[in-house]
Amino acid sequence: TPPIFPPPGLNGHPEPDATSSKNASFERVQIVNDQKQFTTELTTQMQQWGMHDAGFDYDIVAVFGSQSTGKSTLLNRLFGTNFDVMDETQRQQTTKGIWMCRGKNMNVMVMDVEGTDGRERGEDQDFERKSALFSLASSEVLLVNMWETQIGLYNGANMGLLKTVFEVNLGLFGKQTPDGRTQRTLLLFVIRDHIGQTPLTSLASSLSVDMQKLWDSISKPPELQDRKLSDYFDLDFAALPHKLLVPEKFETAVQTLRTRFTDKSSPGYVFKPVYHKRIPADGVSFYMEGIWEQVQTNKDLDLPTQQELLAQFRCDEISAAALAEFNEQAKPQRRPIEAGKVVDGLGQMMRAWRSGALARYDRDASRYHQGVYKRKRADLVAVLDSTLSPLFQGQLKNLAKQSLVSFKQEILEGLKGDSYDFAQIVGAARSNCEKRFVEGAKEAFVEETDWSYEEDLSILTEEVQAVADQCRKDETKKMINMIERNFKRQIAEPVEVYLGQATPTMWDDILKTFKTTLDKAESSYLAKARSFNCTEEENTFALASIRRRTWMVLRAKIDEQTSDAAFLTKLRTHFEERFRYDEAGVPRVWKPEDDIDGFFKKAKDETLDLIPRYSKIKPTDPSNEYTIESDSSDSLISGDDEFDFASTLVIFSDIKAIDISNRFRKDADAYYVEAKRSTVSSIAQ
Ligand code: GDP
Ligand code: MG
């Protein structure tokens with residue numbers, strides 16, 4: 001029989017002697033440290049163990065199980081390794097990590113996982129999960145160590161962890177290797193403190209059923225849905241008596257179990273070729289590091305800890321409650337905003353609802369896992385803000401609308417007075433409007449959001465400008481109308497007088513008066529237009545319009561004064577003044593010796609001479625001539641297609657002149673007859 005080695009120490013440690021502690025072949029190596037880093041020394045260690053050139057002639061075994069179930073003790077007894085054993089009496093500190101040791105006198109790499117006791121700490125669970133997966137994925141035989149009393153207890157036997165590990169292992173390493181093999185692993189259940197009342201076979205079948213259930217419950221990648229537990233794992237079982245109560249029996253059982261690792265001819269020999277990973281010994285370090293890398297970077301393993309799960313659940317609940325209260329508060333304001341109302345103090349309300357909800361969340365949720373608490377808080381903030389944002393946007397829209405309306409009202413109000421400065425009214429109204437909007441927008445703003453009112457403000461500014469422009473145009477029109485009315489009043493009398501006098505320089509006088517009156521009209525326009533901030537273009541249009549319209553006013557006045565009836569009266573009066581009155585203005589009493597024919601002819605001819613003078617606006621001095629350039633902008637202003645200035649100079653046509661003179665002649669003849677008759681009657685008396 002092989003020698004028992006090493007002699008058990010007090011705590012299961014190998015005895016510190018020259019052959020063990022100083023012999024390089026016993027040296028342990030921490031292949032993964034507590035920072036979850038893989039060692040760079042494994043290859044060197046393999047060389048020191050003398051295993052580097054073993055080719056395929058080596059095996060790997062690892063252990064899985066709850067803390068302090070005697071795992072390290074078992075490994076040390078089975079393989080002669082020197083892993084740390086927890087000393088119950090001293091509670092000595094063990095160094096966290098995955099440790100590896102060469103089995104004594106055997107080409108076996110033995111791995112032990114050292115955790116800490118704090119089961120509820122998330123960090124430890126993460127390490128526990130990753131190290132368990134690493135053990136499962138890298139070893140040929142995984143010793144699943146458990147107390148007999150743990151069997152059937154889901155949590156007690158670490159079944160939850162095993163389930164997770166199976167799941168991720170299947171996802172990561174479950175597919176066939178390139179040479180078409182499926183990785184196979186032996187799960188050797190070692191039942192500790194086996195009392196013996198329940199035979200191993202029934203414990204084994206109960207464990208098999210549990211494992212089968214566990215396998216069925218794991219979620220599998222779609223392409224591996226049909227894979228069975230037996231496609232990946234063989235299950236085997238061993239039992240060990242109580243180490244402290246029946247130490248000799250324990251020892252014997254361990255030795256028996258040990259042969260299953262050492263004796264290839266043993267019926268229960270565990271290192272079957274089918275479990276071998278087919279990695280040459282000199283590549284094992286690299287291979288294992290690769291596995292660790294995959295384990296480390298795998299996101300599926302970052303399963304939330306119990307603490308996180310709890311935090312998620314509670315933070316969701318707390319958040320939902322805070323949100324419900326918040327919604328209750330926010331809801332009544334939605335309708336008025338949608339209806340176009342500006343809600344007074346909306347910003348203050350929104351800030352209160354928001355900070356209230358967050359305070360409530362913080363009060364209850366901040367006690368939970370900080371990562372989850374913060375994440376859920378950010379989610380809550382996003383929901384709160386997405387509820388408030390439409391209220392803010394709506395308020396801005398309504399505010400802009402309201403501001404624009406009051407801007408218009410303020411202008412209309414300002415224009416009601418008799419004398420006003422248009423530009424000043426608009427300027428004041430504009431700044432009031434923008435101030436009102438900005439104040440309202442600032443009130444509605446909620447800090448810590450990415451909201452802004454800049455865009456709404458610039459739209460409002462544009463609208464205000466458009467309204468102001470329209471008002472200015474209306475005002476300009478009004479002003480031009482007024483200028484036209486004034487002009488009409490000013491021109492009426494002089495035109496009547498000049499047309500009445502009918503001197504040869506009649507048109508010179510009329511045009512001179514027209515021009516000075518027009519100059520006054522133009523400068524009164526320009527004076528006002530400056531305060532309106534009218535554009536150069538608008539001024540050009542307005543002045544052209546003024547020139548055109550004043551001209552037409554003049555023409556209308558001339559037309560009124562030269563209507564057929566008015567003109568005939570004028571001619572008649574002119575004639576009468578010359579025929580019926582003498583030079584001193586005394587009415588003539590015709591005597592038979594008077595040269596009636598001569599007076600008649602003279603007065604008639606002088607009167608007929610007037611007709612061509614009236615027929616066309618034509619000053620004697622060309623410098624008094626007036627003209628309006630006809631261009632395209634003219635027709636834009638007046639709206640007519642064509643404005644033919646030359647034709648406006650013609651008061652009446654030649655045909656009309658003949659007609660008028662004929663009618664005048666008849667009137668004149670009547671006077672002549674009347675004059676003749678008066679001499680006859682004076683003779684008769
Ligand atoms: P590990 O944390 O699973 O590696 O457990 P250890 O090997 O460090 O052992 C923890 C404690 O259990 C130590 O005090 C051991 O002496 C004790 N122990 C080891 N093996 C057995 C066993 O088979 N039965 C009992 N009852 N205690 C054991
Ligand atoms: Mg241990």
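Counting starts at 1 for both ligands and their atoms, following the listed order. Because only heavy atoms are used, hydrogens play no part in the values below, and waters and symmetry mates are left out as well, while side chains stay in. Position 1 is the first residue of the sequence, and the numbers go up from there.
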Query raised in the report: Looking only at heavy atoms, is any part of H242 under 4.0 Å from ligand 1, and if so is it the side chain, the backbone, or both, or is it neither?
Result: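 The side chain, only.
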So, [X] and [Y], do they make that salt bridge, N to O below 4.0 Å?
X    : Y    : answer
K130 : D126 : yes
E443 : R351 : yes
K277 : E140 : no

Measuring from non-hydrogen atoms of F83 to any atom of ligand 1, is the shortest distance under 4.0 Å?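 The answer is no, since F83 has no heavy atom less than 4.0 Å from ligand 1.
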[X] N/O to ligand 1 N/O under 3.5 Å:
X    : answer
F250 : no
Q67  : no
S68  : yes
E114 : no

| said: For atom 19 (C) of ligand 1, which of the options T69, T73, D112, L240 provides the nearest non-hydrogen atom? | reply: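 Considering heavy atoms of T69, T73, D112, L240, the nearest to atom 19 (C) of ligand 1 sits in T73.
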Of all the atoms in ligand 1, which lie at a distance below 4.0 Å from a heavy atom belonging to D193?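 So the atoms of ligand 1 that pass are 22 (C), 23 (O), 24 (N), 25 (C), 26 (N).
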Numbering as shown, the atoms of ligand 1 that approach R192 to under 4.0 Å (heavy-atom distance):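 By the 4.0 Å cutoff, the relevant atoms are 20 (N), 21 (C), 22 (C), 23 (O).
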Check whether F56 forms a cation-pi arrangement with R278 (NZ or CZ under 6.0 Å from the six-membered ring centre, at most 45° off the ring normal).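 Geometry flag: set, cation within 6.0 Å and 45°.
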* Lys NZ or Arg CZ of R28 over W99 ring: under 6.0 Å, within 45° ->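 Positive - R28 is close enough to the ring of W99 and near enough to its axis.
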Set out, in order, the CA-CA distance, both residues' side-chain angles and the distance that settles side chain to side chain contact (heavy atoms under 4.5 Å, CB included) for L162 and M211, then state yes or no.
CA-CA 9 Å; L162 205 55; M211 289 305 291; 3.8 Å; yes
**Message:** At a threshold of 2.8 Å, where the distance has to be below it, does the Mg ion (ligand 2) have an N, O or S atom of S72 nearby?
**Reply:**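 Given the 2.8 Å cut-off, S72 counts as a ligand of the Mg ion (ligand 2).
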*Would you tell me whether Y361 and R377 have side-chain atoms, one donor and one acceptor, within less than 3.5 Å of each other?*
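Side chains of Y361 and R377: no pair found under 3.5 Å.
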